[in-house]
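A short write-up of the structure that comes next.
The shown structure was predicted, so the numbers you read here are calculated from the model rather than taken from an experiment.
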2 protein chains.
Amino acid sequence: MDHVDRILAQWNRERPDLDVEPMGLLGRIARLRTHLAREVEKALSAHGLNSASFDVLATLRRSGPPYRLSPGDLIATTMVSSGTMTNRLDQLEKAGLIERENNPDDRRGVIIALTPKGLALVDAAVTDHVENQHKLLDGLDAQERAALDGLLRKFLGAFE
Amino acid sequence: MDHVDRILAQWNRERPDLDVEPMGLLGRIARLRTHLAREVEKALSAHGLNSASFDVLATLRRSGPPYRLSPGDLIATTMVSSGTMTNRLDQLEKAGLIERENNPDDRRGVIIALTPKGLALVDAAVTDHVENQHKLLDGLDAQERAALDGLLRKFLGAFE
DNA sequence: GTCAAATATCTTGACGTCAAGATAAATTCA
DNA sequence: TGAATTTATCTTGACGTCAAGATATTTGAC
């Protein structure tokens, strides 16, 4: 009988006409994500980053040398609007972690480049971030992780 | 090979020193939650609500008659800060969906009461919301839902 | 009974996000 | 070639959230 179970019990009492079974699963995803996101923010803040700025730097970093992508590429990967990405890039540029370069092939666009400072920072941050992610999964054993991951993969497949 | 798999493959190539296995599961939860949250917002917007305002009205509604809770109770249930709750209540009060009443037992506090208009609105909204939630789970059969819910329950247990 | 500590709620200021619209350049196609 | 359409990015304004601090009241210790 966890928090979500209590919510379902209340709905069953107050609105017995509704089949609220899906609310349990969806509610647990939402609450879990809130807890996880807060823990991730904590780990990243030690490096002066938040998940928004880290996402951009990490996307550039894992794309490999020369650590350059267009804003459009970054938008597609990170699931945010163009306005959000412009705002993130503005801040990262101010902090000296990325630079906007002219795109020689398309004068409408720019190329976002990780600076040496940005590369060093994201490499340090991702090391801690991954270590923290291991801790966050401590509550599940290897078999449970694999089963959960498989089910999430299938569920996510319905949306992308 | 979904979107998250590609991210993991990139990290394995660029940072083979890291064991990024947990990133897959955690990334899928995050992405799934983003997709689900957007779909939920769509369904609620038909009633002039968003998930923030719905959460408050729904918490009051499922608590049962007389549909009254303190801001503190609402904060504990909805996992938001006091400032966030004050803001939500201000808007709901302006819209005539809740009222702030004096708390006869504690003059520091107030009691939030669902108005008849708020009750009618949340009852209509939750009906559509639950129907929409059923649709969101279409990608999983009954057995998969049960297995996923069980694993999420255990995982969530590590945080609350 | 009095005063310090705890509690309930609200206020303030900053930040991240988005939708809609603006701008400029590339592409399509007549 | 030239005009219409599409594309890439940025701008604007509004909203939801939070942390930190303010205010008023209650509780607890003496």
In this structure, how many angstroms lie between the C1' atom of dA24(C) and the CG atom of Asp106(A), rounded? 10 Å
In short, Val122(A) meets Arg61(A) closest at the heavy-atom pair CG1-CB, 3.7 Å
Under 4.0 Å: is that the gap between some side-chain N or O of Arg100(B) and OP1 or OP2 of dC10(C)? yes
DNA chain C-proximal residues of residues 26-46 of chain B, any heavy atom under 4.0 Å: Arg38(B)
Please list, pair by pair, any protein nitrogen or oxygen found under 3.5 Å from a nitrogen or oxygen in nucleotides 2-7 of chain C.
unit_1 : atom_1 : unit_2    : atom_2 : d
dT7(C) : O2     : Arg108(B) : NH1    : 2.6

Answer yes or no: is there an ion pair linking Arg28(B) with Asp5(B), defined by an N-O contact shorter than 4.0 Å? yes
Test side chain to side chain contact (heavy atoms under 4.5 Å, CB included), reference Leu156(A), set Leu36(B), Leu32(B), Ile29(B), output is Leu32(B)
Charged N-O contact under 4.0 Å between Lys42(A) and Asp128(A): no
Asn50(B) side-chain N/O to dG16(D) phosphate OP1/OP2 under 4.0 Å: yes
Using 4.0 Å as the upper bound for N to carboxylate O, is an ion pair formed by Asp2(B) and Lys154(A)? no
When you match Arg107(A) and Ala52(A) each to their closest nucleotide on DNA chain C, which lands nearer the 5' end? Ala52(A)
Grab the two heavy atoms, one from Ser63(A) and one from Arg13(B), that are nearest each other, plus how far apart they are. O-NH2, 3.3 Å
Would you name the heavy atoms of Ile111(B) and Asn102(B) that are closest together and state the gap between them? CG1-O, 4.4 Å
Any chance the side chains of Gln133(B) and His129(B) put a donor and an acceptor closer than 3.5 Å? yes
What heavy-atom pair brings Leu119(B) and Tyr67(B) nearest, and what distance separates the two atoms? CD2-CE1, 3.8 Å
Heavy atoms of His47(B) and Leu121(B) approach each other most closely as O-CD1, 3.7 Å
Tell me which residues in residues 58-94 of chain B put a heavy atom below 4.0 Å from DNA chain C, sorted by number, or none. Ser70(B), Pro71(B), Gly72(B), Ser82(B), Gly83(B), Thr86(B)
How many Å lie between CG on Asn102(A) and C1' on dA25(C), as a whole number? 13 Å
Kindly give the heavy-atom pair with the smallest separation between Arg145(A) and Leu137(A), and that separation in Å. NH2-O, 3.0 Å
Separation of dG16(D) atom C1' from Leu49(B) atom CG, nearest Å, is 15 Å
